[in-house]
Amino acid sequence: MDHDQAMYATKPTRRTVFMRTFLPWQMWRFAVINVKMIELIRRGHRGTKR
Amino acid sequence: MSRVVVLGAGIAGHTAVAYLRRWLGRDDTVTVISPRPDYNWVPSNIWVGVGLMKPDKVTFPLAPIYERKGIEFVQAAATQLHPEGDAQDSTPYVVAASDDGKVHRVPYDFLINATGPALRFDKTEGLGPEGHSLSVCLPDHAAEASRALDEEVERMKRGERRKFLVGVGHGTCTCEGAAFEYIVNLEFELRHRGVRDKADITWITNEYELGDFGMGGMQLKHGGYVTPSSIFNASLFAERGIDWITRAHVEKVEPDRVQYETLDGAKAEQEFDFAMLLPPFSGVGLTAVDAHGADITDKVFAPNGFMRVDADYSGKPYEEWKASDWPRTYQSPVYPNLFAAGIAFAPPHAISVPRKSPNGTVIAPAPPRTGMPSATIAKAVAASVTDMVRGGEGPTHTASMAEMGASCVASAGANPFTGTAAAMTVFPIVPDWDEYPETGRDIKRTFGEIGLAGHWIKILLHHMFLYKARLRPGWRLIPE
Ligand SMILES: Cc1cc2nc3c(=O)[nH]c(=O)nc-3n(C[C@H](O)[C@H](O)[C@H](O)COP(=O)(O)OP(=O)(O)OC[C@H]3O[C@@H](n4cnc5c(N)ncnc54)[C@H](O)[C@@H]3O)c2cc1C
């Protein structure tokens, strides 16, 4: 590992790492991300509606 | 009665064919010409490449589906377009060749070119499965990468230290996102197999900064700041102990090392035992001739082999381009019954700043055209063609990459409880500096986060899109 590169990089706190696989939080994020993506897809499809 | 022909049965071509068949009348014929017998859900090739899926989980035979739906399937590679027919008959046609040497002449009223990219391993000496590096672009490439990985794991289990190099194999590559996904999955898999401490993993890329992805990077709102994607990408690599080499053009791949040049003109080399390097792309090399047999390839196609459509190809300086230069209808400017969809259309310009080394080597990612825009464009083109078959004068539907977003879920480890993926969305894909002067994109709709939820979404997408591609009941309800 190149230590200079890693030293200047942002690193997640233990809490951030924990939350990434913490089930209740991830279930909530699953819902939120899906809603965001569906909204985005809808916008992109405005010109394709028949 | 009209004949609509689609070249290519990938994400764009297959989407176009499915909608055309649904929207056109039974009198109209829909024909697809494509060289491979199978459909491939390309994004999941990553999982084949790390041994988590077999190739048959990401492919299925097309013929039975096309038969069920009344779509004609010609298993052949298109070679030449005759948009004006020939001296005897002015009906346009396309010439295609099968593996067995049979040459087909397929007439059309409307043609959609969705042939995707040619994988140009030949652009870098020693690059690719026929040379000294691996690829995950095709299912059999990915299966080979998985076998090579198994061998490396065996050696590491015996105590050997091994070097892994992943990234792009040329200064003009695109699709950095796919290589990124591969490297983080590889790292996860090596941890999972208990040999991570024996592996040195390095990322090599033509991006100016990490996280550029050919889109000039992204700006994301995070913790009170608008933060560039490079910060998140570097963080992800640092956390996983992955080193990186940016601004690099791989010149040559030898059996155990790559020779590369960086943007400052310096030459260097990087050793490896296992290298997965994506190739640069070009168009598939279709040619075109007019009614008299004169070559008109350069009228129909750009020099990189991608098809010219309704974009601004005037070649103005990078600083002057606008979101509105990007195509909306994908109609050929020379032949109104000819369209392109997916990777096959020629982008008007780079999104990432084009840069050259002092030696004149271009080291800058080409603009990406990922799955979601490819399918959305295909649907818009299919809708326009349907209306034109019914007498419409011109294209009625649009899908500009400067007006649509993309969502991308990059798997960073496949496990239902400990896996994660980076879920990202950008809006629009092509930055619109007039509309969003500060960051080029809508900051509310451009976001990214890493977590298990992203992995679940990735799994969901894999199953949903394969279901949709099989044209099972209700397939239309699944968005592109
Ligand atoms: C490893 C990898 C991972 C990826 N992951 C993602 C991801 O997670 N999300 C995402 O959005 N995108 C992803 N992409 C990008 C995505 O796969 C492409 O955007 C998409 O496949 C483009 O669709 P297409 O139909 O234009 O081209 P393709 O899917 O490549 O299809 C081209 C079709 O044309 C056929 N063809 C080729 N030559 C001819 C010819 N001469 N005549 C007729 N037919 C021909 C081919 O056989 C194929 O059927 C990934 C790409 C790769 C390589």
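These values consider heavy atoms only, across backbone and side chains, with no hydrogens, waters or symmetry-generated copies.
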Counting heavy-atom pairs under 4.5 Å to chain A, which of B:Met404, B:His397, B:His455 comes out on top?
-> B:His397
Working to the nearest 0.5 Å, report the span between CD1 of B:Ile450 and OG1 of A:Thr16.
-> 10.0 Å
Using non-hydrogen atoms only, which part of A:Lys36 is less than 4.5 Å away from chain B: side chain, backbone, both, or neither?
-> side chain
Pick whichever of B:Phe417, B:Phe232, B:Tyr19, B:Phe427 has the most heavy-atom pairs under 4.5 Å with chain A.
-> B:Phe427
Most contact-rich option vs chain A, by heavy-atom pairs under 4.5 angstrom, among B:Ile201, B:Thr376, B:Leu236, B:Thr420, is B:Thr376
Does the B:Glu239 side chain pair with the main chain of A:Pro12, one donor and one acceptor, at a distance under 3.5 Å?
-> no
Select one option (side chain, backbone, both, neither) describing which atoms of A:Val32 are under 4.5 Å from chain B's heavy atoms.
-> neither
Side chain from CB out, backbone as N, CA, C, O: work out which of these in B:Met401 comes under 4.5 Å of a heavy atom of chain A, or both, or neither.
-> neither
Indicate the atoms forming the closest heavy-atom contact of B:Asp243 with A:Gln5, along with that distance.
-> CA-OE1, 3.6 Å
What's the verdict on side-chain contact (heavy atoms from CB on, under 4.5 Å) for B:Arg445 and A:Arg43, showing C-alpha distance, side-chain angles and the deciding distance?
-> CA-CA 11 Å; B:Arg445 296 192 170 85; A:Arg43 284 188 154 255; 3.2 Å; yes
Residue pair B:Thr418 / A:Thr21: nearest heavy atoms and the distance that separates them | O-CG2, 3.9 Å
With a cut-off of 6.0 Å (strictly less than), are more than 12 heavy atoms of other residues, nucleotides or ligands near CZ of B:Arg162?
-> yes
If every non-hydrogen atom of B:Ser407 is compared with every non-hydrogen atom of A:Leu40, which pair is closest and at what distance?
-> N-CD2, 4.0 Å
Expected contact set for residues 377-390 of chain B against chain A at heavy-atom separation under 4.5 Å reads B:Lys379, B:Ala380, B:Ala383, B:Thr386, B:Asp387, B:Arg390
Let me know if B:Phe447 has heavy atoms under 4.5 Å from chain A in its side chain, its backbone, both or neither.
-> side chain
Find the distance between CD1 (A:Ile41) and CD (B:Glu480) and round it off to the nearest 0.5 Å.
-> 9.0 Å
From CZ (A:Arg29) to CG (B:Leu452), nearest 0.5 Å = 13.0 Å
What are the two closest heavy atoms between B:Ala453 and A:Gln26, and how far apart are they?
-> N-OE1, 2.7 Å
Given that the side chain runs from C-beta out, which part of A:Met19 has a heavy atom under 4.5 Å from chain B: side chain, backbone, both or neither?
-> neither
What part of B:Leu460 is in contact with chain A, defined as an atom under 4.5 angstrom from a non-hydrogen atom: side chain, backbone, both or neither?
-> side chain
Whether over 12 other heavy atoms sit under 6.0 Å from B:Arg161 CZ = yes
